[in-house]
Amino acid sequence: MMMRRPKTANFDESWKNISRVTTAVMSESPVERDEWCEQITSVYYLCMAMPTPLAESLYNKLKEYLINHVQSCREQVLEASNGILPIYNSLYKTYFRGAGYLNDLYMHLNQHFTKRTIKNEWCDHYMHSIEKVKKFEKVQDLAMNIWRDEMIEKVHEPLVTAVLQDITRDRRGVSTYSNILRDVIHSFVEVQSHEDPLGSQLQLYKELFEERLLENTGNFYQKEAQKLYEQNDVSNYMIKVIEKLDEEELRLRKFIHHTSISPCKKECVNKLIADIQDRLLDEYKIMLKDEHVEDLSRLYILIRRLNEGCKKMADIFHDHIFENGKDSIELMARGCSPQEYVDALLVVYRKFTNIVSNNLSSDQNFTDALNRAMTKMVNSTGDTKKYPRSSELLVRHADHILRKGNKNSSLSEIEDQLRNFIDLFKYVEDKDLFQRFYSKKLANRLIHNTSVSFELEEVAISGLKDRCGYEYTSPLQRMLIDMKVSDDLTKEFDQHLEQKNEKFNVVFSVNILQSGAWPFSANAGVPEEQADKSTLDFNVPSDLAVCIDKFKTFYNKKYSGRRLRFVFPLSNGTVVLNHTPRQYTITMSVHQLAVLLLFNDKDSSTKAEITESLGLDKPELEKTLTTLVDSKLIKLESDNYTINTDYVNKKSKFKLPTSTVKDHAEKEVEQTHQSVEEDRRLYIQAAIVRTMKSRKQLGHNELIQQVINLSKDRFTPSVAMIKKCVEVLIDKQYLERHSNQKDVYQYLA
């Protein structure tokens with residue numbers, strides 16, 4: 001490779017030739033290739049000249065040339081008669097391209113002089129050199145800095161004013177030279193694009209242009225907002241503001257640097273929306289009341305641009321939903337039917353769910369507001385009730401859906417009703433109370449075979465599990481499992497009888513229920529309100545006694561160690577009446593059936609004879625006889641009961657009411673509440689002990705919060721109840737108060 005050797009050089013002669021090519025480059029005039037290469041070589045020889053390099057002299061000459069060139073351009077800009085922007089943009093673009101070519105022409109100056117001086121400056125800076133080092137930029141950077149200092153810094157006032165005037169004209173719909181406008185604005189950034197870091201690159205742009213742009217934008221849209229509000233109603237104002245904001249965003253993206261888009265948009269939003277936010281929110285209440293959903297959508301599009309704007313809207317939304325839901329609370333207080341209550345809640349829920357999804361973009365603020373309002377409604381006690389009735393009413397509604405006889409609903413309709421039921425269930429805070437009510441109704445449906453579909457029962461329980469987890473629905477699922485096992489066991493027992501060639505006079509089936517899984521008393525195996533042990537055993541009719549004995553033998557042989565106890569108050573049978581003018585098929589309790597079977601052998605009996613034959617206690621016998629007399633199956637004459645051979649009923653197949661299933665709703669609800677209240681006290685005490693055992697010492701308020709957090713998935717305990725439980729545990733010596741701090745508790749091991 002041939003190497004150029006340094007030699008002596010005539011600076012003035014060389015500069016004359018180099019400057020001629022420099023002038024051609026800066027005016028974008030053509031340069032012959034040979035001359036271009038020759039002057040690059042000339043730059044090299046000046047940089048490497050002997051005995052003294054002339055690089056610094058060349059650098060200073062180039063700098064002087066560029067300053068004079070830019071000053072000449074500045075005079076042209078200031079003297080422009082057809083607008084400052086076109087001439088500025090034309091001169092800048094020519095200069096910018098020329099600066100790039102100069103970087104190539106003076107590449108040896110960059111390599112052998114500017115890089116070395118910059119490197120030396122860096123070293124001296126970190127070595128704390130006392131000597132002040134002159135800074136020499138690369139040629140292209142030098143050119144851009146000179147344009148900044150000699151052009152932009154000195155003509156920025158009229159230049160920026162012209163830019164802002166053109167932007168204002170564009171906002172008013174007057175056509176502008178958009179490409180020129182964009183290039184002029186971006187020149188403020190390009191002249192410092194070589195700076196590092198990014199903040200330095202944008203310093204000039206922000207100081208000279210962005211600050212004035214924001215001020216101009218604010219002033220323009222402040223006047224625009226006032227004019228639009230005076231000339232339009234709120235609906236049309238929002239339409240026009242949305243159009244203005246969309247147009248402005250497109251304009252900003254087209255013209256200005258991307259870092260200015262956000263502050264400019266914020267300025268527009270402040271003037272068009274934030275300044276009249278209170279008036280818009282007042283109108284928002286009217287929109288909700290009158291159900292102007294399109295205006296709701298527009299207002300949401302505007303308000304979501306403000307910090308905390310959606311939260312204010314959501315608070316108003318919450319209050320409006322609750323006002324709409326007061327009808328359901330009043331219905332509950334008046335003792336409405338479950339169907340009426342659920343329908344009233346669903347009207348509110350569906351209406352505002354649709355608004356949130358269709359008009360408010362499913363925004364989380366409004367979803368939360370809807371959930372809070374629905375929770376407040378569902379858990380309201382009304383004016384007259386101590387406890388919220390939502391758990392009871394929802395369970396009764398579900399019972400109606402899942403019980404046989406719901407003839408007006410198809411399978412798909414029932415599934416839809418169950419989904420609605422689950423949607424409302426999620427708002428119930430007293431999950432433990434709901435579970436107690438639901439388990440009782442489910443047990444009643446399963447035992448008496450009144451469930452419309454086993455699969456639908458599973459669908460309902462699955463929905464509850466999705467909301468509350470496996471542990472919550474575990475007792476309910478165990479009930480379903482018991483029923484499946486019982487079906488299999490009954491089939492197995494029938495096969496056993498068939499193999500032994502044995503037959504019963506009656507159709508016999510048994511449900512084997514785990515005592516811990518069903519909402520029954522531990523002692524009696526019956527519902528708590530039926531827990532009188534004397535009702536469990538009586539003299540079973542002979543036909544039924546044979547079946548029971550055979551099944552006991554079969555079961556004990558199959559499962560040794562298990563104990564069977566027949567719960568007759570929950571058992572029923574179906575009997576056919578043949579003594580009446582028309583044949584009837586009636587389902588009744590075992591006690592009622594036992595009384596009727598006595599009349600197979602005789603037409604009449606006294607109460608004493610019936611008591612002796614059945615062995616029922618007096619209260620249970622009284623209830624059973626009363627239902628039979630009231631239904632006119634038997635007649636009471638003095639103390640003598642006779643079969644009614646003239647019995648007539650419109651239905652040929654029906655179920656006879658029993659004393660145990662008779663409507664004792666209020667008593668049952670009160671007993672359930674009392675039972676749940678006791679369970680809650682025990683749960684809270686266990687939570688306190690568990691918390692204190694791990695923490696050893698805890699302040700009163702912190703303990704209260706810990707217990708609430710542990711309990712919130714099942715119920716929301718009152719502070720008063722927690723305090724009572726703390727006192728109980730202190731009496732039981734699980735806790736004690738700190739000797740010096742009365743609001744601090746200590747755990748006693």
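- Separation of atoms OH (Tyr341) and CG (Leu394) is listed at 6.0 Å; rounding is to 0.5 Å.
- In this structure, CG on Leu570 lies 9.5 Å from CH2 on Trp518, to the nearest 0.5 angstrom.
- A donor-acceptor contact shorter than 3.5 Å links the side chain of Ser453 to the backbone of Glu455.
- Other residues, nucleotides and ligands place no more than 12 heavy atoms under 6.0 Å from the CD atom of Glu471.
- Smallest separation of non-hydrogen atoms from Ala460 and Leu418: CB-CD2, 4.1 Å.
- You'll find the side chain of Asp423 reaches within 4.5 Å of the side chain of Tyr349, heavy atoms only.
- Within the 4.5 Å cutoff, no side-chain heavy atoms of Lys426 are placed close to those of Met374.
- In this structure, Lys693 fails the cation-pi test against Tyr734, since its NZ or CZ atom is not both closer than 6.0 Å to the six-membered ring centre and inside 45 degrees of the ring normal.
- Counting non-hydrogen atoms of neighbouring residues, nucleotides and ligands closer than 6.0 angstrom, the CZ atom of Arg582 exceeds 12 such neighbours.
- The side chain to side chain donor-acceptor pair (under 3.5 Å) test with Thr672 is passed by exactly one of Glu677, Lys440, Arg436: Lys440.
- At distances below 3.5 Å, at least one donor-acceptor pair connects side-chain atoms of Asp482 with backbone N or O atoms of Gln514.
- Classification of the Tyr472-Phe425 ring pair by plane angle, with boundaries at 30° and 60°, yields tilted.
- Between Ser391 and Val428 the shortest heavy-atom distance is OG-CG1, 3.4 Å.
- In summary, the side chains of Gln583 and Ser652 do not present any donor paired with an acceptor at a separation below 3.5 Å, with no hydrogens or angles considered.
- Using a 4.0 Å cut-off between charged nitrogen and carboxylate oxygen, Glu727 and Lys724 do not count as a salt-bridge pair.
- Distance OG1/Thr642 to CG/Leu636: 8.5 Å, rounded to 0.5 Å.
- Counting only N and O atoms by type, the side chains of Ser337 and Gln339 include no donor and acceptor under 3.5 Å apart.
- Ion pairing of Lys484 with Glu458 is present here, as a side-chain N (NZ or NE/NH1/NH2) and a carboxylate O approach within less than 4.0 Å.
- Note that CZ of Arg478 is 12.0 Å distant from OG1 of Thr473, once rounded to the nearest 0.5 Å.
- Residue pairs meeting the salt bridge (charged side-chain N to carboxylate O under 4.0 Å, His left out) criterion with at least one partner in residues 343-356, sequence neighbours excluded, are Glu291-Lys351.
- Taking each heavy atom of Ile321 and Ala373 in turn, the nearest pair found is CG2-CB, 3.5 Å.
- With hydrogens and angles ignored, the 3.5 Å screen pairs a side-chain donor or acceptor of Lys404 with a backbone N or O of Asn449.
- Using a 3.5 Å distance cut-off with no hydrogens or angles, the side chains of Thr574 and Thr587 do pair a donor with an acceptor.
- At a threshold of 4.5 Å between non-hydrogen side-chain atoms, the residues Met588 and Lys655 do not count as touching.
- A donor-acceptor pair under 3.5 Å links the side-chain atoms of Thr627 to the main chain of Thr624, judged by distance alone.
- Here Arg445 pairs with Asp399 in a salt bridge; the nearest charged N to carboxylate O distance falls below 4.0 Å.
- Ring orientation note: the planes of Phe434 and Tyr438 are close to parallel, at an angle under 30° on the 30°/60° scale.
- For the pair Ile688 and Cys725, the minimum side-chain heavy-atom distance is below 4.5 Å.
- Under the 3.5 Å distance criterion, the side-chain polar atoms of Ser675 are left unmatched by any main-chain donor or acceptor of Gln671.
- Using modelled atom types, no side-chain atom of Ser560 and backbone atom of Asn556 make a donor-acceptor pair closer than 3.5 Å.
- Looking at Tyr641 and Val629, their side chains come closer than 4.5 Å, going by heavy atoms from C-beta outward.
- Without hydrogens or angle criteria, Gln592 side chain to Ser589 main chain gives a donor-acceptor distance under 3.5 Å.
- Residues Lys618 and Thr611 bring no donor and acceptor atom of their side chains to less than 3.5 Å of each other.
- Heavy atoms only, all atoms of each residue included: Leu577 and Ile586 are closest at CD1-CD1, 3.5 Å.
- Here the shortest heavy-atom pairing between Gly325 and Val348 reads CA-CG2, 3.9 Å.
- In this model, no donor atom of one side chain and acceptor atom of the other lie less than 3.5 Å apart for Ser451 and Arg403.
- With respect to Lys503 and Glu498, no salt bridge is recorded, no charged nitrogen being found less than 4.0 Å from a carboxylate O.
- Checked by atom type and distance alone, the side chain of Ser390 pairs as donor or acceptor with a backbone atom of Val378 at under 3.5 Å.
- Nearest heavy atom pair, residue Leu446 against residue Met483, reads O-CE, 3.3 Å.
- Put simply, the side chain of Gln499 does not reach to within 4.5 Å of the side chain of Asp494, judged on heavy atoms.
- Annotation: side chain of Lys653 is not in contact with side chain of Tyr584 (no heavy-atom distance under 4.5 Å).
- To the nearest 0.5 Å, atoms CZ (Phe352) and CG (Asn371) are separated by 13.5 Å.
- Rounding to the nearest 0.5 Å gives a distance of 12.0 Å between CZ of Arg372 and CE of Met377.
- Ion pair Glu622/Lys607 flagged as a salt bridge, since at least one NZ, NE, NH1 or NH2 atom sits closer than 4.0 Å to an Asp/Glu carboxylate oxygen.
- Inter-residue side-chain proximity for Asp432 and Asp679 is flagged as unmet; no heavy-atom pair is nearer than 4.5 Å.
- A ring-ring contact (aromatic ring centres under 6.0 Å, His included) check over residues 474-508, counting only residues at least two apart or in different chains, returns the pairs Phe493-Phe551, Phe493-Phe554, His496-Phe554.
- For the residue pair Arg562/Tyr555, the side-chain donor-acceptor check at 3.5 Å is satisfied.
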